[in-house]
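The block underneath contains the structure these notes are about, expressed in structure tokens.
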Amino acid sequence: MKKILYLFITIIGITSCSDNLESLNENKKDPLSVPGEALFTSAQKSLVDQIVSTNVNRNIFRLIMQQWTQTTYTDESNYDIVTRSIPQSHWDALYKDVLKDLQESAKVINETPLLATDDIEVKTNKLAIIEILNVYTFSVLVDTFGDVPYSEALDIDNLLPEYDDDTVIYRDLIARINTAIADLDTSFGSFGIQDNMYGGDVSNWLKFANSLKLKLGIAISDVTSEAALAQTTIESAADNVFESNEDNAAMTYLSATPNTNPVYVDLTLSGRDDFVPTSTIIDQMQPRAYERLVDTNEDGTIDDKDAKTVVPGSVTYTDPRAKFYFDDNIDADDSNSSQTVYLGGTPGASNSYSNFTHISEKISKDPTLEGVIMDYSEVKFLLAEAAARGYVVPGTVETNYNDAIEASIIYWGGTMDEAADHLARTEVAYATASGDWKEKIGTQKWIALYNRGFASWNSWKRLDHPVLAPPASFKSETPVRLTYPIVEQTLNGSSYGAASAAIGGDVVTTKVFWDVN
């Protein structure tokens with residue numbers, strides 16, 4: 001089990017034989033410089049925190065994807081991303097807290113002289129791992145906004161950076177990940193305990209780098225001009241990706257603040273019951289007949305009195321992950337069924353917390369729950385998609401699809417027997433599930449990514465499944481990007497204006513370059 005081990009830096013003052021007045025001005029309690037390894041640790045945690053968070057000021061992708069919905073303030077569930085400056089928080093976290101720390105980490109490590117006992121290969125591995133996280137973080141920014149500052153980003157002397165074309169950025173990210181992969185030497189170590197994801201294990205970083213490379217290749221696979229690059233990227237990575245859940249890119253949190261899982265902070269320590277699972281995902285994971293009473297008050301809104309009621313004996317089957325995703329807190333009248341019945345809230349409606357199924361304690365009340373930025377199930381779905389697109393990769397569409405669902409069930413705590421039974425269901429089996437390959441893979445991947453909103457959002461943008469119904473009081477169509485931060489409009493107006501024009505308008509319905517369907 002991976003553990004967060006934070007680096008506490010103690011600087012021991014060096015005293016000289018002769019004191020002088022200048023020495024009285026020295027602060028021997030504070031570090032004169034921060035080691036590059038400490039900066040890496042900080043950047044790594046900031047990255048995972050931002051991707052994992054469910055704070056409505058920072059990360060609302062679970063709400064956009066209708067995996068969760070709100071109970072008190074419903075703006076974000078209705079696709080209002082501006083009120084709380086969500087784009088600004090996402091932008092700042094990635095640029096300032098992640099990329100800037102990674103840049104400084106690489107600089108310090110590069111400039112620190114090697115001791116006689118140090119191996120140059122360890123230093124090279126550290127720099128390659130920093131580069132892998134750089135590539136991942138910049139890909140998140142492009143996937144979120146489209147064109148972003150890249151070649152001129154992070155320069156403290158340039159306060160008005162120009163935005164780079166998102167297609168050009170992706171090409172460069174693929175080149176950078178290829179270089180990082182080539183630089184990794186699994187015969188040597190890296191960050192050791194300062195690496196809170198893999199404990200410095202370079203072989204795991206190599207798998208993660210190739211899995212990220214596969215993801216980048218799949219992302220551009222619908223772009224005609226990038227067809228050749230997509231193929232070489234996917235096929236050269238496919239044999240070297242994650243092989244089991246043990247390879248997941250994840251960080252385990254501690255039991256005490258401020259190092260707990262952000263979801264625990266947002267759902268438990270906040271003391272507010274603000275989220276419930278949606279009917280969208282619960283009805284997919286537990287198909288059944290039900291009656292939904294819509295706007296019985298005729299007041300233009302859906303409230304508690306309009307909630308659906310379960311028809312007795314109507315449960316068809318229940319996805320084995322449901323008991324890990326949801327709490328059993330609803331006393332439903334389902335006397336003809338031995339199965340637990342879950343009730344999902346209406347996306348965007350004023351859902352009473354007490355009237356609907358809750359998010360599981362496994363997710364909401366465990367401060368040490370690991371934060372995942374990429375996992376084996378996701379990689380297997382990517383391989384299934386690659387096979388469906390005709391690329392030469394290990395396994396078939398169906399075998400990779402089956403492996404992905406099985407890996408997800410096992411990861412959450414299910415058994416092999418439960419996975420086998422689930423995959424045998426007509427509604428789930430690849431041969432008999434409804435729709436084309438995009439619908440089959442897209443729907444099941446969305447379920448597997450239940451607690452990973454950002455990855456789910458990007459998969460949905462490419463595969464267009466599942467179909468999401470408009471929320472109760474939606475402010476816009478389902479966002480396919482976040483708008484640029486307002487501060488960019490006011491402080492970097494020229495670059496902002498050029499970027500906005502280049503992408504086709506700074507609105508949530510403008511697609512990033514790879515979202516062509």
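Contact detail for A387 and G395: the closest heavy-atom pair is CB-O, 4.2 Å. Nearest heavy-atom pair, T280 versus P347, reported as atom, atom and distance to 0.1 Å: OG1-CG, 3.4 Å. Closest heavy-atom contact between P394 and D239: CG-OD1, 3.1 Å. The two atoms that bring N351 and T71 nearest to each other are O-CB, 3.0 Å, heavy atoms only. The nearest pair of heavy atoms linking S77 to T69 is OG-OG1, 3.3 Å. A pairwise comparison of heavy atoms in S53 and N55 identifies OG-N, 3.0 Å as the closest pair.
The number of heavy atoms from other shown groups lying within 6.0 Å of CZ (F474) does not exceed 12. For L269, the CG atom is densely surrounded, since the number of other residues' heavy atoms within 6.0 Å is greater than 12.
Under a 3.5 Å cut-off, the side chain of E226 and the backbone N or O of T167 do not form any donor-acceptor pair. With hydrogens and angles ignored, the 3.5 Å screen pairs a side-chain donor or acceptor of T357 with a backbone N or O of L343. Although no hydrogens or angles enter the test, the distance criterion places no donor-acceptor pair under 3.5 Å between the side chain of T368 and the main chain of Y253. Side-chain atoms of N245 come within 3.5 Å of backbone atoms of A407 as a donor-acceptor pair (strictly under, hydrogens ignored). Between the side chain of Y450 and the backbone N or O of I281, no donor-acceptor pair lies under 3.5 Å. Side-chain N or O atoms of S190 include none that pairs as donor or acceptor with a backbone N or O of V202 at under 3.5 Å. With hydrogens and angles disregarded, no donor-acceptor distance shorter than 3.5 Å links the side chain of T268 to the backbone of V265. No donor-acceptor pair under 3.5 Å is formed between the side chain of K362 and the backbone N or O of F324. Proximity of a side-chain donor or acceptor of Q286 to a complementary backbone N or O of A322 within less than 3.5 Å is not detected. Side-chain atoms of S42 never come within 3.5 Å of backbone atoms of A38 as a donor-acceptor pair (strictly under, hydrogens ignored).
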Identify every side-chain donor-acceptor pair in residues 213-221 under 3.5 Å, counting partners at least two apart or on other chains, and give the distances.
from, atom 1, to, atom 2, distance (Å)
K213, NZ, N178, OD1, 2.8
K213, NZ, S236, OG, 2.8
K215, NZ, E378, OE2, 3.0
S221, OG, I218, O, 2.6
S221, OG, R389, NE, 3.2
S221, OG, R389, NH1, 3.4

When the side chains of residues 416-430 are checked against the rest of the protein, which donor-acceptor pairs come out under 3.5 Å, sequence neighbours left out?
from, atom 1, to, atom 2, distance (Å)
E418, OE1, T415, N, 2.9
E418, OE2, K323, NZ, 3.0
H422, NE2, D319, OD2, 3.1

Sequence neighbours left out, cut at 3.5 Å: what donor-acceptor pairs do the side chains of residues 510-517 make with other protein atoms?
from, atom 1, to, atom 2, distance (Å)
T510, OG1, G505, O, 2.6
K511, NZ, N517, O, 2.4
W514, NE1, D143, OD1, 3.0
N517, ND2, D222, OD2, 3.0

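Using a cutoff of 4.0 Å between basic side-chain nitrogens and carboxylate oxygens, R481 and D506 are scored as salt-bridged.
For the residue pair D147 and Y484, no side-chain donor N or O sits within less than 3.5 Å of a side-chain acceptor on the partner. Side-chain atoms of Q88 and D92 form a donor-acceptor pair, as typed in the model, at a separation below 3.5 Å.
Shown here are the side-chain contact (heavy atoms from CB on, under 4.5 Å) partners of T179, two or more places apart in sequence or in another chain: D183. Checked against ring-ring contact (aromatic ring centres under 6.0 Å, His included), H465 has no partners two or more places apart in sequence or in another chain. Applying the ring-ring contact (aromatic ring centres under 6.0 Å, His included) criterion to W91, with sequence neighbours excluded, gives Y95, F145. Residues meeting the ring-ring contact (aromatic ring centres under 6.0 Å, His included) test with F61, sequence neighbours left out: H90, F454, W457. With sequence neighbours left out, Y150 forms a ring-ring contact (aromatic ring centres under 6.0 Å, His included) with F138. Applying the salt bridge (charged side-chain N to carboxylate O under 4.0 Å, His left out) criterion to D375, with sequence neighbours excluded, gives R452. Legend: residues meeting salt bridge (charged side-chain N to carboxylate O under 4.0 Å, His left out) with E76, ordered by chain and number and at least two apart, are R84. Residues satisfying the salt bridge (charged side-chain N to carboxylate O under 4.0 Å, His left out) criterion with K380, sequence neighbours excluded, are D403. D80 is linked by a salt bridge (charged side-chain N to carboxylate O under 4.0 Å, His left out) to nothing, counting only residues two or more places apart in sequence or in another chain.
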Exercise. Run the numbers on Q44 and D195 for side-chain hydrogen bond (donor to acceptor under 3.5 Å, both in side chains), then give the verdict.
Key: CA-CA 8 Å; Q44 191 179 61; D195 170 13; 2.9 Å; yes
Quiz prompt | Audit row: R272, T72, side-chain hydrogen bond (donor to acceptor under 3.5 Å, both in side chains) steps and yes/no | solution = CA-CA 9 Å; R272 292 168 51 184; T72 306; 5.7 Å; no
Practice problem: Verify side-chain contact (heavy atoms from CB on, under 4.5 Å) between Y411 and N248, making sure each step is shown before the conclusion. | Solution: CA-CA 10 Å; Y411 174 81; N248 293 351; 3.7 Å; yes
Practice problem: Decide yes or no on side-chain contact (heavy atoms from CB on, under 4.5 Å) for D101 and T41, but give the supporting numbers first. | Solution: CA-CA 9 Å; D101 274 4; T41 303; over 6 Å; no
Quiz item: Between S456 and Q67, is a side-chain hydrogen bond (donor to acceptor under 3.5 Å, both in side chains) present by the stated rule, with each step listed?
Solution: CA-CA 9 Å; S456 177; Q67 293 157 325; 3.2 Å; yes
Exercise. Test L449 against K445 for side-chain contact (heavy atoms from CB on, under 4.5 Å), laying out the working first.
Key: CA-CA 6 Å; L449 293 172; K445 189 175 180 183; 3.8 Å; yes
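The shortest distance between side-chain heavy atoms of I363 and W412 falls below 4.5 Å. Two residues are said to be in side-chain contact when any heavy atoms from C-beta on lie closer than 4.5 Å; F275 and V263 fail this criterion. At least one side-chain heavy atom of R171 sits under 4.5 Å from a side-chain heavy atom of V168. Side chains of K207 and Y198 form no contact here, defined as non-hydrogen atoms less than 4.5 Å apart. Looking only at side-chain heavy atoms (C-beta outward), Y401 and Q444 come within less than 4.5 Å of each other. Side-chain atoms of L63 and T54, non-hydrogen and from C-beta on, never get closer than 4.5 Å to each other. Between L47 and L102 there is no side-chain heavy-atom pair separated by less than 4.5 Å. Side-chain contact between V223 and Y170 is absent, with no heavy-atom pair separated by less than 4.5 Å.
Interatomic distance, L94 CG to T144 OG1, rounded to the nearest 0.5 Å: 7.0 Å.
Checking D328, N329, I330 one by one against T340, the side-chain contact (heavy atoms from CB on, under 4.5 Å) holds for a single residue, D328.
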